[in-house]
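The structure under discussion appears below in the form of structure tokens.
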Amino acid sequence: MTATLASCSLSGDKTVSGPWLDSSLPLEERVEAALGQMTLQEKVRVCYAKTKFMSPGVPRLGIPDVHYSDGPHGVRAEINPDDWGYAGWTTDSITAFPALTCLAATWNPWLANQYGAAVAEEAIARDKNVMLGPGVNIYRTPLNGRNFEYLGEDPCLAAQLATEYVKGMQANAVAACLKHYILNDQEEYRGHINVKVSERAFNEIYAAPFKAVVRDAELWSIMGSYNKYLGTHCSHNDTTLNQILKRDWGFDGMVVTDWGGCHNTDEAIFGGLDVEMGSYTNGLTSESAFGYDDYYLGSAYREKAERGEVPDSIINDKARRILRTLFRTTLAPERGQAAQATPEHFELARKIADEGIVLLKNDPFKGSKLLPLNADLYKSILVVGENATRSLCKGGGSSELKPRREVSPLEGLQQRFGKDKIRYAKGYVSGRPMYGHVDFIPPFTEDSLRAEAVAMAREADLVIYVGGLNKNHNQDCEGGDRLYYGLPFAQPKLIDELLQANPRMVIVLISGNAVEMPWVNRVPALVQSWYNGSAAGYALADILSGDVCPSGKTPFSYPTVLTDCPAHQHGTICYPGDSIDEEYLDDIFVGYRFHDLPQARKEAKAGFKLSPKTVRFPFGFGLSYTTFAYTQPVLFDHTLTPDGKGRVSGKVRVKNTGGMAGKETIQFYVGADRPSVERPVKELKGFIKLTLQPGEEKELTFIISAEDLMFWDETIHDWKFEPGKYRLYIGSSAADIKGEVSFTI
């Protein structure tokens with residue numbers, strides 16, 4: 001190997017030289033050069049933590065440590081080296097970007113790319129080179145406490161947005177650590193539950209977004225999940241890591257445990273794990289007297305390696321993957337700029353929130369719609385709800401953020417409409433955002449707050465209710481699931497009494513999950529907001545005022561009642577499991593794939609009578625202040641053959657027929673007419689978000705490949721392309737199909 005020597009200075013007078021430090025050399029040359037200089041002990045030592053959020057490099061060779069940070073919505077405040085307390089820095093305030101449910105609701109891959117790039121810039125400013133996110137676990141149940149960190153119920157939507165997020169981040173030489181691989185779709189029993197799922201559902205639903213990001217974004221790191229699959233924990237699971245991820249998908253990055261996710265030295269060595277973090281804790285809270293060398297990949301691994309019980313191929317493979325990560329990030333030829341809590345990042349956070357907020361309902365009230373809000377019509381506007389003032393960056397577990405600036409909904413509305421016009425009543429209280437337990441709220445406190453808000457509502461011209469969930473334990477929070485589908489903290493009673501006092505009301509739900517809405521038919525206007533971070537209040541005011549035309553679309557279905565959700569139709573073994581095993585008896589019929597089925601077929605699957613309207617708001621749904629018209633889709637190229645070669649192409653035109661500029665997301669679904677196996681009526685295969693001025697019309701082209709038509713055949717254990725008749729559906733949501741066209745292979 002011919003190479004130029006490069007060097008770096010260590011502490012004192014020592015200088016290290018070596019081709020591995022020459023950033024002009026190809027990546028693999030640098031990796032092999034460094035690997036050839038490492039001792040056995042150094043190859044082992046890079047495989048486990050040296051602090052809570054750091055694993056070691058090779059100081060002797062000038063190779064730095066790996067610095068991790070929680071995400072994915074921003075860089076978490078600095079944690080103490082050896083416990084879970086915050087370090088108390090004054091320089092770690094950052095931009096809080098909207099939660100990933102909001103990003104999913106934008107249906108905008110370009111924004112996802114900008115999001116990832118901006119978080120990377122803030123990571124560089126904080127000397128982090130691995131960001132723990134994004135998450136692409138599937139929204140299977142609205143009770144999952146961590147759904148707010150994920151990208152919805154559909155693998156196509158999650159894959160496209162996560163791919164662009166990762167591309168944006170890694171373009172700045174910060175590694176995204178995709179999580180939680182795999183089947184970590186709930187928090188209840190997450191540390192040990194063994195998930196049983198059909199081979200087909202595993203591949204078509206749960207593995208699909210991970211595979212897409214690995215393939216299309218050339219992912220650099222991935223996090224193993226806490227739960228088990230096939231009886232083995234997923235942080236060291238030979239099937240999911242060695243066979244599927246590394247062999248079948250060609251992943252060449254490093255596998256990191258979730259914190260405390262490692263349980264066995266032999267499985268860690270031989271099961272595909274590369275870096276062990278956070279062991280001898282429960283992942284978030286408890287400490288122990290054990291040191292880092294006591295980790296499963298610590299001294300026990302080193303001793304086995306020194307005795308010759310671990311093949312060199314495994315030892316070297318782990319070290320190579322870690323070296324690749326360092327040479328792609330900290331030691332990359334170029335890195336992105338360092339930028340922390342900048343005005344540009346604040347405006348990006350606002351834009352993401354603007355495009356993610358979903359208008360769910362906007363019916364006329366006494367002859368006219370309440371939204372967009374014309375404040376000139378009202379002398380007094382009452383804002384009710386704790387979420388109007390509560391910091392929603394606090395709590396939630398590892399994604400908790402320390403924003404330099406956080407604009408609350410109340411502040412945003414006051415700035416937009418005037419402080420003199422807007423009054424505020426708290427209405428309810430929820431207690432402190434604590435991990436693992438909740439505050440007790442005395443009933444007399446609930447009663448007095450409710451009575452005050454209702455009395456003020458009677459005197460107001462308009463009520464804006466800002467409630468929903470928050471990041472307390474048993475809400476949208478890591479470490480525990482929601483206990484029920486309805487709104488917490490006596491909000492249903494509060495909403496009912498407010499509507500009786502003043503039916504001229506706009507409800508704004510802030511959450512990362514769907515909720516039960518028994519009051520929905522009585523509410524004229526309903527807005528789904530999210531944990532929208534630094535610019536949350538400004539974005540809400542943008543939408544309510546009409547300064548921004550709403551364009552968000554739901555990234556998951558809203559079941560009418562909890563038993564309308566397929567994960568809740570087969571007893572506790574289907575969710576949350578019996579604490580030992582859990583069986584995904586809903587199979588491939590997650591979300592709209594289930595709601596699309598004819599009623600009789602749904603009830604046959606459930607085994608009991610379901611509500612006539614099983615979905616309150618469908619997947620991909622969102623209203624606008626303008627209107628759009630679609631033409632019938634037309635095919636103009638049909639070269640797809642039974643052997644899977646060629647393609648089907650077509651076009652459709654969309655026009656803004658209203659009086660306001662707006663954005664519309666055109667969704668492309670495909671379904672098979674007479675498949676040889678049971679399949680959903682249709683499945684999302686692509687989408688495009690358009691900006692259209694009033695009267696403007698644009699033509700879109702679409703392409704269908706053989707891959708879009710495949711299903712996982714459990715008889716051959718592989719993807720199968722099946723000739724036959726198919727339908728392409730063009731829709732504004734999964735339930736609002738504007739046109740369809742059939743074709744035969």
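In this chain, numbering begins with 1 at the start of the sequence shown.
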Stepwise side chain to side chain contact (heavy atoms under 4.5 Å, CB included) check, Leu143 with Gln186: CA-CA 8 Å; Leu143 300 189; Gln186 66 192 55; over 6 Å; no

Phe621 and Phe617 aromatic ring geometry - parallel, tilted or perpendicular at 30°/60° bounds: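 Plane angle under 30°, so parallel.
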
Parallel, tilted or perpendicular: ring planes of Tyr669 versus Phe619, cut at 30 and 60 degrees: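 Correct class here is perpendicular.
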
Separation of Asn137 CG from Ile182 CD1 (nearest 0.5 Å):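 Ile182 CD1 to Asn137 CG: 8.0 Å, rounded to 0.5 Å.
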
Within 6.0 angstrom of Arg432 CZ, more than 12 heavy atoms from elsewhere: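 Counting neighbours around CZ of Arg432, 12 or fewer heavy atoms of other residues, nucleotides or ligands fall under 6.0 Å, so no.
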
Atom NZ of Lys196: over 12 foreign heavy atoms under 6.0 Å: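 Atom NZ in Lys196 is not packed in, count stays at 12 or less.
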
Six-ring centre of Phe594, Lys605 cation under 6.0 angstrom, axis tolerance 45°: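 No.
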
Verdict with reasoning, Asn513 to Asn147, per side chain to side chain donor-acceptor pair (under 3.5 Å): CA-CA 7 Å; Asn513 265 305; Asn147 276 335; 2.8 Å; yes

Step-by-step side chain to side chain donor-acceptor pair (under 3.5 Å) determination, Gln243 to Asp248: CA-CA 6 Å; Gln243 298 178 38; Asp248 297 348; over 6 Å; no

Which heavy atom in [X] sits nearest to a heavy atom in [Y], and how many Å separate them?
X	Y	result
Ala162	Pro134	CB-CG, 4.2 Å
Asp185	Ile138	OD1-N, 3.2 Å
Ile352	Cys102	O-SG, 3.6 Å
Glu188	Asp481	N-OD2, 3.3 Å
Asn184	Tyr150	O-OH, 4.0 Å
Asn472	Pro433	OD1-CA, 3.2 Å

Does the side chain of [Y] come within less than 4.5 Å of [X]'s, by heavy atoms?
X	Y	answer
Asn470	Glu386	yes
Leu111	Leu348	yes
Ile588	Pro680	yes
His192	Ser579	yes
Leu469	Tyr531	yes

Candidate list Arg616, Arg593, Glu153, test side-chain hydrogen bond (donor to acceptor under 3.5 Å, both in side chains), partner Ser557, passing option: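 Of the listed residues Arg616, Arg593, Glu153, the side-chain hydrogen bond (donor to acceptor under 3.5 Å, both in side chains) partner of Ser557 is Glu153.
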
Pair Glu678-Arg601, salt bridge (charged side-chain N to carboxylate O under 4.0 Å, His left out): steps then yes or no: CA-CA 12 Å; Glu678 187 177 37; Arg601 200 167 156 201; 3.0 Å; yes

Test log, rule salt bridge (charged side-chain N to carboxylate O under 4.0 Å, His left out), inputs Lys689 and Glu355: CA-CA 11 Å; Lys689 191 166 191 177; Glu355 289 205 23; 2.9 Å; yes

Listed partners of Arg350 passing side chain to side chain donor-acceptor pair (under 3.5 Å), at least two apart: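 Expected list: Asp542.
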
Between Tyr86 and Arg76, a side-chain donor and acceptor under 3.5 Å: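 Per modelled atom types, Tyr86 and Arg76 side chains form a pair under 3.5 Å.
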
Distance-only side-chain donor-acceptor flag, Glu122 / Thr95, under 3.5 Å: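 Yes - a donor-acceptor pair under 3.5 Å links their side chains.
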
ring-ring contact (aromatic ring centres under 6.0 Å, His included) contacts touching residues 470-491 (sequence neighbours left out):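 Qualifying pairs, neighbours excluded: none.
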
ring-ring contact (aromatic ring centres under 6.0 Å, His included) contacts in which one or both residues fall within residues 569-588, not counting sequence neighbours: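 Residue pairs with at least one partner in residues 569-588: Tyr206-Tyr584, His568-Tyr575.
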
Worked verdict on Glu582 versus Arg140 for salt bridge (charged side-chain N to carboxylate O under 4.0 Å, His left out): CA-CA 13 Å; Glu582 180 179 20; Arg140 179 175 175 258; 3.2 Å; yes

Residue pair Ser511, Gln475: steps toward the side chain to side chain donor-acceptor pair (under 3.5 Å) verdict: CA-CA 9 Å; Ser511 71; Gln475 301 302 315; over 6 Å; no

Tyr226 ring center within less than 6.0 Å of Trp259 ring center: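 Not close enough - the centres of the two rings lie 6.0 Å or further apart.
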
His180 vs Arg146, side chain to side chain donor-acceptor pair (under 3.5 Å): CA-CA, chis, key distance, verdict: CA-CA 11 Å; His180 304 87; Arg146 217 163 177 184; 3.3 Å; yes

Audit row: Arg200, Asp587, salt bridge (charged side-chain N to carboxylate O under 4.0 Å, His left out) steps and yes/no: CA-CA 8 Å; Arg200 186 173 170 202; Asp587 201 49; 5.4 Å; no

Phe556 vs Tyr558, ring-ring contact (aromatic ring centres under 6.0 Å, His included): CA-CA, chis, key distance, verdict: CA-CA 7 Å; Phe556 46 76; Tyr558 287 61; 5.2 Å; yes

